[in-house]
Amino acid sequence: MVFPMAGLPTRVRIHEVGPRDGLQNESAIVPVEVKAEFIRRLAAAGLRTVEATSFVHPKWVPQLADAEELYPRLADLEGVRLPVLVPNARGLERASALGAREVAVFASATESFAKANLNRTVDGALEMFAPVVARAKSAGLRVRGYLSMCFGDPWEGPVPVDQVVRVCRALAGMGCDELSLGDTIGVATPGHVHALLTALGTAGLPASGAPGSAPPGGPTLAVHFHDTYGQALSNTLAALQHGVATVDASAGGLGGCPYAKSATGNLATEDLVWMLHGLGVETGVDLTRLTATSTWMAQRLGRPSPSRTVRALAGTAASVTSPASPSSAESRSTPDSPAPKEQ
């Protein structure tokens, strides 16, 4: 059943990170054929943005060492955006050579994580990314800036809001088209999300309110929540109420961070879709097909999906009817509805 809430975006673009962020921490190497099929199944389920891989050095993330082999296998996927992570100029060269049109860089809001993840200071990492972003933009590529540890850090504790705002402004100043605000260890709460988004708006970086459409003169804001303390969905709702309309999620709840041991899985895409469809928010995603995809992937990984929605729907497929993806008319039918290694 659909019960819309006032003040939410009419449509949310899901930035699917399962094939990259979800798989990067797997100890057993997933065959490239399985990765390609995973991405194809996600696309067939209606996901239009699927982060495919990372062009990081294989020494740091062995799971993604097959980036050059994987990316060409996806060349015939039409209507699907396939962004990739690039850690430096060499990564950008590798991605560009294969025809990638969207790339992402990854910064940290804290010194401790910048050192652990990038072996640099916060400002040192920004200096490294600036020419990468400039080169990508000059080539006509779309650039996303990931920012880790926006809410809490396992070494430093709570992260001051103004510290996060400073790094966001630096990434925006480089020309990033989108900023993804990461709760890498999953400690955020809705009030903290509200405070950060309010501060960003005051600093000239408001949420756009429309997926993929940046405010005049600034980047689109996205959110990337981990579910360590079961807060990912409530934090997402808080962000939606602020006008954020791009949400990162991982099919089946796959993922973690090899450089922040307290980080558990990402927000499960199925859990997100269940909530959004119940709110009358369009996603374009077929939840039944998405659940089948995550179940298929869980079988290949040899363990059940951590997503509550996947477990519920896979276990009671004959008796549970999920909220249908609403059309614009349906969703507005009531007066009240208005690493890198790692992120």
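Predicted, not measured: the structure shown is a model, and the values here were computed from it. By convention here, the first residue in the shown sequence is residue 1.
The backbone N or O of V244 sits nowhere less than 3.5 Å from a side-chain atom of H242 that would complete a donor-acceptor pair. When atom types are taken as modelled, the side chain of Y146 and the backbone of S108 share no donor-acceptor pair closer than 3.5 angstrom. Between the side chain of E51 and the main chain of A104, no donor-acceptor pair closer than 3.5 Å is present. Judged by distance alone, the side chain of D227 and the main-chain N or O of A232 form a donor-acceptor pair under 3.5 Å. No donor-acceptor pair closer than 3.5 Å links the side chain of N266 to the backbone N or O of A249. The closest donor-acceptor contact from the side chain of D271 to the backbone of M275 lies at 3.5 Å or more, if one exists at all. D286 contributes no side-chain N or O that, together with a main-chain N or O of L290, makes up a donor-acceptor pair within less than 3.5 Å. Panel note: side chain T269, backbone A251; a donor-acceptor pair is recorded below 3.5 Å. D183 places a side-chain N or O within donor-acceptor distance of the main-chain N or O of A188, the cut-off being under 3.5 Å. Put simply, the side chain of E16 gets close to the backbone of G18: a donor and an acceptor are under 3.5 Å apart.
Judged purely by distance below 3.5 Å, without hydrogens or angles, the side chains of T283 and R11 never pair a donor atom with an acceptor atom. A donor and an acceptor atom, one from each side chain of H192 and N235, are nowhere located under 3.5 Å apart. Side-chain contact annotation: E270 with S294, donor-acceptor N/O pair under 3.5 Å present. Between the side chains of E156 and S112, at least one donor-acceptor pair of N or O atoms lies under 3.5 Å.
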I'd like to know whether E111 forms a side-chain hydrogen bond (donor to acceptor under 3.5 Å, both in side chains) with T121, so could you lay out the CA-CA distance, the side-chain angles of the two residues, the decisive distance to 0.1 Å, and finally the verdict.
CA-CA 6 Å; E111 295 293 345; T121 64; 4.7 Å; no

Decide side-chain contact (heavy atoms from CB on, under 4.5 Å) for L240 and L276; before the verdict, give the C-alpha distance in whole Å, the side-chain angles of both, and the deciding distance to 0.1 Å.
CA-CA 10 Å; L240 297 177; L276 291 175; 3.6 Å; yes

Between H224 and D21, does the side-chain hydrogen bond (donor to acceptor under 3.5 Å, both in side chains) criterion hold? Intermediate values first, please.
CA-CA 11 Å; H224 183 120; D21 194 16; 3.2 Å; yes

Please assess W296 against V34 for the test side-chain contact (heavy atoms from CB on, under 4.5 Å), listing each intermediate value before the final yes or no.
CA-CA 10 Å; W296 173 87; V34 173; 3.9 Å; yes

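Counted within 6.0 Å of CZ on R300, heavy atoms from surrounding residues, nucleotides or ligands total more than 12; the atom is thus considered enclosed. The number of heavy atoms from other shown groups lying within 6.0 Å of CZ (R94) is above 12.
Using a 4.5 Å heavy-atom cutoff, the side chains of V86 and V132 are in contact.
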Would you give me the side-chain donor-acceptor pairs under 3.5 Å for residues 161-169, sequence neighbours excluded?
unit_1: Q163; atom_1: NE2; unit_2: A109; atom_2: O; d: 2.8
unit_1: R166; atom_1: NH1; unit_2: D123; atom_2: OD1; d: 3.1
unit_1: R166; atom_1: NH2; unit_2: D123; atom_2: OD1; d: 3.2

Enumerate donor-acceptor pairs with a distance under 3.5 Å from any side-chain N or O in residues 38-45 to protein atoms, sequence neighbours excluded.
unit_1: R40; atom_1: NH1; unit_2: D76; atom_2: OD1; d: 3.4
unit_1: R40; atom_1: NH2; unit_2: R73; atom_2: O; d: 2.7
unit_1: R40; atom_1: NH2; unit_2: D76; atom_2: OD1; d: 2.5
unit_1: R40; atom_1: NH2; unit_2: D76; atom_2: OD2; d: 3.4
unit_1: R41; atom_1: NE; unit_2: E37; atom_2: OE2; d: 2.9

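Distance CG/L64 to OG/S54: 5.5 Å, rounded to 0.5 Å. Rounding to the nearest 0.5 Å places CD of Q241 at 11.0 Å from OG1 of T236. The CZ atom of R120 sits 10.0 Å away from atom NZ of K115, with the distance rounded to the nearest 0.5 Å. In this structure, the separation between OH on Y71 and CG on L82 is 5.0 Å, given to the nearest 0.5 Å. To the nearest 0.5 Å, atom CG of residue L141 and atom CG of residue L92 are 6.5 Å apart. Note that CG of D66 and OG1 of T53 are 6.0 Å apart. Values are rounded to the nearest 0.5 Å.
Each of L221, V12, T49, T220 was compared with T246 under the side chain to side chain contact (heavy atoms under 4.5 Å, CB included) criterion, and only T220 meets it.
A salt bridge links E93 with R135: the closest approach of a Lys/Arg side-chain nitrogen to an acidic carboxylate oxygen falls below 4.0 angstrom. Salt bridge absent: D177 and R144 never bring a charged side-chain N and a carboxylate O closer than 4.0 Å. At a threshold of 4.0 Å, the pair E178-R13 counts as salt-bridged, since one of the basic side-chain nitrogens sits closer than that to a carboxylate oxygen.
Residues V310 and F225 do not share a hydrophobic cluster, defined by chaining ILVMFWY side chains whose heavy atoms lie under 4.5 Å apart. Clustering ILVMFWY residues whenever any of their side-chain heavy atoms sit less than 4.5 angstrom apart, transitively, puts I29 in a cluster other than the one holding L301.
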